[in-house]
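Everything below concerns the one structure shown next.
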Amino acid sequence: MEEEIATPAYMNLANIKFCLTLPEFKNNEELKSKLMEGIREGNMAPYYKVVCQDFGWPVDNALLKHMTEANEKRIQELDQEHDKNFIDEEDQVSGIWQAKLDYLCSIGDQQAATVLAETKFNDKTVPKSHRIDAIFTLFRIAYFHGCNIRLMKSVIEKAADLIETSGGDWSARNKLKAYEGIWSLAIRDFTRAANLFVDVVPTFESYELASFGTIIRYTVYACMIALPRSELKKKLLHHGVMAQALNSEYKDLKEYFLSLYDGRYADFFICLAKVEADMKRDPLLNPHYRHYNQAMRLRAYKQILQAYRSLSLDYMAKSFGVTVDFIEAEVSRFAAAGRLQCKIDSVAGAVVTSHYTHSKSDFQSEAPEATLVRGMLYQSTVKKGDILLNRLKKLARIIDF
């Protein structure tokens, strides 16, 4: 069972290769050793050439020759098996070309794998279930070789269209959710990714794409930034398989969620730092780690400020485990950008919010979120109005009325 649900070993090499491009891991001998070990074990001759070219490593010609010969021998065996069984049932023949496609992917032969997958996808005589497998393979190729977002988008569109028109079975639709969730993260659509992952976790079976642990991690990251606080606990800790995973193997992710949910902001900042480090090492999430970290800090500031009309900078700094200067600079920057509806009272050393406004008639208070949104819209309107007035003044100087 463990072998059947294991993610192919070569899929992990993309993360290792990406880490070696980061300044902090550039000369990491342990990562180099792991990458070369994976290449040798899989006889990944095409991928080895790409790695040596990208990093400027000297090519071991003896090793390359040995791996190339192993590749050619295995491909020849698969081709002979295909020819031998060509007159047999179509499923058997499809199984052979799929085995060849999987092998080409496993040795990192991007060009040959892409050509074969596209050929089978475009061949209308191939059963639709196998065409769906071929298009999913194209996604994995794009995902493994540098997270090609444009190609991933094209594949998702084609896969969705094929599944809809062919009446794809439940398994294909379920797999599509996992693949689309990965693509949603790549384009920073955290809300869509969160909803897709929450749906797919209980019935996850796309182990050829990513491990279950990776999907759990992506689910928590997406939910934390996208879902309102009222839904977080229901989606993460009241959700059968998800709750079981967080309570057993992934307690660090559970602590990341609960530290914010319970208002333990100093612990949350520690967890967030670990999440940021993890995202930096992930080729899919690396382009978004700064945005994600900033958005999560903002979410924590909003959460603590919504409970007060005024809050001392000293108390806020202690709550987050940082200095007063840091928290003052953070809150000031977010407030100036209109992302926090508050102001700094430097004399009193406090953050003053305007959550509660009273009407002259009934003195009823507004909800904090509604007030925050209205305040942000007001500041945005004022800023745009100032820009327009400045442009009109400049225009008036050069126009002779």
Requested in this report: Using a strict cut-off of less than 4.0 Å between a Lys/Arg side-chain nitrogen and an Asp/Glu carboxylate oxygen, indicate whether Glu77 and Arg74 qualify as a salt bridge.
Outcome: yes
Query raised in the report: Parallel, tilted or perpendicular: which fits the ring planes of Phe268 and Tyr256, with parallel below 30° and perpendicular above 60°?
Result: parallel
Requested in this report: Could you tell me how the ring of Tyr301 sits relative to the ring of Phe320: parallel (under 30°), tilted (30 to 60°) or perpendicular (over 60°)?
Outcome: perpendicular
Query raised in the report: Are Asp314 and Lys318 close enough for a salt bridge, meaning some N to O gap below 4.0 Å?
Result: yes
Requested in this report: Give a yes/no verdict on a cation-pi contact between Arg229 and Tyr261, requiring under 6.0 Å between NZ or CZ and the six-membered ring centre and an angle within 45° of the axis.
Outcome: yes
**Report entry** Glu29 backbone acceptor or donor facing Ser33 side chain under 3.5 Å
**Finding:** no
Report summary line: Across all chains, not counting sequence neighbours, the ring pair (Phe, Tyr, Trp, His ring centres under 6.0 Å) partners of Phe136 are Tyr179
Query raised in the report: Taking everything shown except His66 itself, do over 12 heavy atoms lie less than 6.0 Å from its NE2?
Result: no
Requested in this report: First locate atom CE of Met224, then atom CG of Leu260, and finally report the distance between them rounded to the nearest 0.5 Å.
Outcome: 4.5 Å
**Report entry** Contacts of type salt bridge (Lys or Arg N to Asp or Glu O under 4.0 Å), residue Asp161, not counting sequence neighbours
**Finding:** none
Query raised in the report: Do the side-chain N and O atoms of Asp282 and Tyr221 include a donor-acceptor pair separated by under 3.5 angstrom?
Result: no
Query raised in the report: Considering residues, nucleotides and ligands other than Arg299, do more than 12 of their heavy atoms fall under 6.0 Å from its CZ?
Result: yes
Query raised in the report: Going through the distances and angles, do Lys100 and Glu81 end up as a salt bridge (Lys or Arg N to Asp or Glu O under 4.0 Å)?
Result: CA-CA 10 Å; Lys100 180 180 179 180; Glu81 192 173 353; over 6 Å; no
Query raised in the report: Residues in salt bridge (Lys or Arg N to Asp or Glu O under 4.0 Å) with Lys34, at least two apart?
Result: Glu30
Query raised in the report: From Asp278 CG over to Arg217 CZ, what is the distance, rounded to the nearest 0.5 angstrom?
Result: 4.0 Å
**Report entry** Test: Asp267 and Arg264 ion pair at under 4.0 Å
**Finding:** yes
Query - Pairs flagged by ring-ring contact (aromatic ring centres under 6.0 Å, His included) wherever residues 36-64 is involved - sequence neighbours left out - result: Tyr47-Phe144, Phe55-Trp57
Report task. State, without any angle test, whether Gln294 and Arg339 hold a side-chain donor-acceptor pair at a distance under 3.5 Å. Result -> yes
Requested in this report: Identify whether the distance between the nearest side-chain nitrogen and carboxylate oxygen of Glu208 and Lys175 falls below 4.0 Å.
Outcome: yes
Query raised in the report: So does Glu249 pair up with Lys254, basic N to acidic O under 4.0 Å?
Result: no
Query raised in the report: At what distance, to the nearest 0.5 angstrom, does OH of Tyr143 lie from CE of Met11?
Result: 6.0 Å
Query raised in the report: Of all residues at least two apart in sequence or in a different chain, which pass the side-chain contact (heavy atoms from CB on, under 4.5 Å) check with Pro58?
Result: none
Query raised in the report: Residues two or more places apart in sequence or in another chain: which of them pass ring pair (Phe, Tyr, Trp, His ring centres under 6.0 Å) with Tyr250?
Result: none
